[in-house]
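For the single chain, residues carry numbers from 1 onward in sequence order.
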Amino acid sequence: MNLFTETNLSPDILKAIGELGYESPTEIQKQTIPFILSDIRDLIALAQTGTGKTAAFSLPILDMIDDTSRKIQLLVLCPTRELCLQISKDIKNYSKYMRDIKTTAVYGGSSIMDQIRSLKEKPQIIVGTPGRVIDLINRKALDFSAIHWLVLDEADEMLSMGFKDELETILSETPDTKQTFLFSATMNKEVERISKNYLTNPHRISVGSINEVKKNIKHEYYVVGYRQKKEALKRLIDANPNQYSIIFCRTRMETQEVADFLMQNGYAADALHGDLSQAQRDTVMKKFRLKNIDILVATDVAARGLDVNSLTHVIHFSLPDDPEVFVHRSGRTGRAGKDGISMALIKPEESRKLKQIKSATKIEINERFIPTGDDIIKAQVGGVFEKLLTEHEEDIFEFDDSLIPDLSSFSKEELVHKLLQFQLKDLALYYKDKHDLAEQKLSSRDDDYSRRDRGRDRDRDRGRDRDRDSRGRDRGGKPRRKDENMVRFFFNLGKKDQLKKLDVLDIINKATAGKSKKRAEIGDIEILEKFSFFEVEKSFQDNVMSNIPSMKFRGKEMRAEVAN
Ligand code: AMP
């Protein structure tokens with residue numbers, strides 16, 4: 001089945017999707033359309049948004065729906081209002097030429113009375129969010145006794161948003177004879193449990209998830225300690241001027257904190273997460289779409305409702321647990337034929353998680369160093385010219401030459417210099433006395449540690465010493481971070497053993513993993529030709545000493561001693 005015209009879908013449907021420009025079914029449509037048209041079993045489909053799953057379930061259902069009946073035959077449950085509106089809009093488009101078919105969307109944050117009124121028109125299709133559907137059931141405004149098909153869309157998200165009880169209540173309101181289709185981007189325990197309890201002998205399909213890594217996205221990661229993450233984020237933003245990006249966080253609180261930090265530092269940013277009211281979320285999304293803000297800080301769930309194609313960067317402020325989520329987040333950039341950059345901030349103790357993501361997704365993620373002040377200024381100068389040279393003519397206003405004072409005493413170069421200095425003054429002042437970040441947690445020495453980096457680090461060290469007074473305090477009066485809490489170890493392996501920083505992190509994590517959840521703090525790691533040095537929190541000294549000798553790296557014995 002390579003063309004829709006080869007399916008058995010009715011002419012009305014083919015006409016409607018033809019007008020939308022659909023010619024060939026997507027992978028998931030190829031699998032689900034014939035299945036739904038001919039099979040009575042339930043279905044579990046592993047597929048993400050963007051694979052064409054709405055059409056995958058709704059086209060065959062529209063083909064079979066009874067347009068002479070005025071009872072609800074299809075119920076689609078989905079996690080957010082945005083998705084709800086999107087799905088109902090798609091279904092309305094597909095059923096454009098089916099005059100007697102009516103679709104109604106019901107979701108929270110909007111007048112329930114209006115929705116009740118619209119239900120009185122007897123739609124055959126309901127698309128709803130679980131909370132609002134329950135409200136309407138309680139008000140006896142919904143009757144599910146004649147349902148043929150139930151679709152749980154983004155089941156994983158509905159469960160992670162805490163809709164478990166609502167789903168179970170709704171499922172128990174629907175007849176046993178219905179056919180249930182569960183769509184989910186990931187398969188976790190909760191989704192398995194729901195499927196086990198509410199689906200019968202389901203057929204399983206899986207499409208285009210993890211292997212569909214886009215090739216036009218460059219992946220980078222930056223190692224940085226927890227306390228310096230926001231400052232590191234600021235540097236990544238400053239070093240990538242003219243960006244239009246989403247910054248992904250794990251929790252609502254983290255999202256708000258990061259957004260507040262950016263706003264306080266003068267960036268056109270805002271937060272998008274589930275603690276905001278629907279109206280607030282709508283406003284933020286609108287601002288972002290119109291590019292009134294160019295940085296959106298969001299949780300995974302909240303960002304799902306947002307469909308923008310021109311993101312230049314995706315920043316993972318915190319790594320997700322699930323490698324698929326990493327792919328999904330990163331895939332928000334590099335759309336519509338453009339290149340994209342995905343940047344992840346990782347804490348030293350997250351080396352294992354990063355490895356997992358790398359091996360599950362087969363994505364090449366390269367380590368980069370947090371930009372220095374010089375890197376940033378250089379990038380900003382480039383950014384000014386990029387913007388100047390690509391600005392659309394219609395965006396630049398005309399003004400009278402008489403407004404410009406006499407500048408004949410300046411050369412062209414002098415003028416450009418002055419304008420740049422003027423434009424970048426605040427940024428240059430901010431970074432003037434700032435230490436660089438990369439080395440504060442981890443050594444930037446690595447196999448691909450270039451001469452330029454070496455020179456830069458040396459200069460930086462000098463600068464740092466100059467900035468401290470004789471009592472070892474920063475000029476700002478903060479105690480020096482060189483810590484009594486850390487122990488420096490000599491380690492018997494080095495570059496000749498193909499030892500990398502990530503390996504050392506892994507070794508330390510393994511050696512210090514104990515019953516308690518507390519993770520050892522890891523400081524500098526310095527890998528030299530024949531041996532290395534690393535720093536670990538003092539309270540883990542004994543674990544390092546006693547566990548490392550019993551471990552091996554590429555078959556080699558390991559030894560760690562406290563360095564002088
Ligand atoms: P979904 O995964 O349902 O959110 O769909 C992603 C996008 O693909 C939507 O904008 C659909 O309109 C579009 N789409 C779905 N199926 C097809 C198809 N067979 N051909 C072209 N576009 C499609």
Side-chain angles (χ1 to χ4, degrees), residues 1 4 7-9 13 17 22 24-65 73-80 83-84 86-88 90-91 94 125-130 147-161 163-164 167 170-171 174 178-213 300-301 304 322-325 327-328 331 360:
M1 179 170 86
F4 276 112
T7 61
N8 289 328
L9 295 170
I13 297 176
I17 60 175
Y22 297 11
S24 322
T26 64
E27 190 50 41
I28 191 166
Q29 292 161 2
K30 281 185 190 168
Q31 296 196 43
T32 50
I33 294 174
F35 173 82
I36 296 177
L37 285 175
S38 62
D39 211 305
I40 54 161
R41 275 178 295 164
D42 290 343
L43 175 76
I44 296 180
L46 270 185
Q48 294 175 342
T49 296
T51 50
K53 64 192 162 79
T54 311
F57 64 77
S58 57
L59 298 182
I61 291 177
L62 284 173
D63 192 78
M64 293 187 288
I65 207 160
Q73 295 167 57
L74 165 63
L75 169 64
V76 183
L77 292 173
C78 60
T80 62
L83 198 57
C84 185
Q86 182 65 43
I87 295 171
S88 62
D90 286 347
I91 296 181
Y94 304 148
I125 300 173
I126 300 289
V127 185
T129 51
I147 280 196
H148 281 299
W149 302 279
L150 171 67
V151 175
L152 302 172
D153 196 14
E154 301 209 350
D156 51 347
E157 282 309 325
M158 288 197 280
L159 290 167
S160 77
M161 285 169 78
F163 284 135
K164 180 170 147 279
L167 286 186
I170 298 168
L171 282 159
T174 54
K178 70 181 180 295
Q179 205 176 356
T180 305
F181 307 136
L182 180 149
F183 288 81
S184 188
T186 53
M187 213 10 124
N188 56 35
K189 268 199 204 120
E190 276 293 285
V191 180
E192 278 294 354
R193 204 189 59 77
I194 283 270
S195 334
K196 232 190 203 138
N197 291 348
Y198 294 96
L199 273 62
T200 321
N201 182 27
H203 175 59
R204 286 174 185 258
I205 59 172
S206 167
V207 291
S209 50
I210 221 137
N211 297 322
E212 255 189 27
V213 173
D300 290 298
V301 175
R304 286 201 171 200
D322 184 343
E324 287 214 30
V325 174
V327 178
H328 193 54

Do you know the tightest heavy-atom contact between [X] and [Y]?
X      : Y      : result
Pro202 : Leu43  : CB-N, 4.2 Å
Asp156 : Ala185 : OD2-N, 3.4 Å
Ile28  : Ala45  : CD1-CB, 4.3 Å
Ala55  : Pro60  : O-CD, 3.8 Å
Lys178 : Ile147 : CB-O, 3.7 Å
Val301 : Met161 : CG1-SD, 3.4 Å

Under 30°, 30 to 60°, or over 60°: which ring-plane class applies to Phe35 and His203, parallel, tilted or perpendicular? parallel
Pairwise distance [atom1]([X]) to [atom2]([Y]) - rounded to 0.5 angstrom:
X      : Y      : atom1 : atom2 : answer
Leu152 : Leu159 : CG    : CG    : 8.5 Å
Gln86  : Thr80  : CD    : OG1   : 10.0 Å
Leu150 : Leu74  : CG    : CG    : 8.5 Å
Ile194 : Lys164 : CD1   : NZ    : 7.5 Å
Lys53  : Leu46  : NZ    : CG    : 11.5 Å
Ile17  : Leu9   : CD1   : CG    : 6.0 Å

Derivation and outcome, side chain to side chain contact (heavy atoms under 4.5 Å, CB included), residues Met64 and Ile36: CA-CA 9 Å; Met64 293 187 288; Ile36 296 177; 3.8 Å; yes
Test item: [X] and [Y] side chains (from C-beta on) under 4.5 Å apart, heavy atoms:
X      : Y      : answer
Phe4   : Ser24  : no
Asp153 : Ile87  : yes
Asp63  : Ile13  : yes
Val191 : Leu182 : yes
Thr180 : Tyr198 : no
Ile125 : Ile61  : no
Ile91  : Val127 : yes
Phe183 : Val151 : yes

Do side-chain atoms of [X] reach the backbone of [Y] as a donor and acceptor pair under 3.5 angstrom?
X      : Y      : result
Asp42  : Thr200 : yes
Gln29  : Gly52  : yes
Gln179 : Asp39  : yes

Show the numbers, then the answer: is there a salt bridge (Lys or Arg N to Asp or Glu O under 4.0 Å) between Lys189 and Glu192? CA-CA 5 Å; Lys189 268 199 204 120; Glu192 278 294 354; over 6 Å; no
Between Phe57 and Val76, does a side chain to side chain contact (heavy atoms under 4.5 Å, CB included) hold up when you go through it step by step? CA-CA 10 Å; Phe57 64 77; Val76 183; 3.9 Å; yes
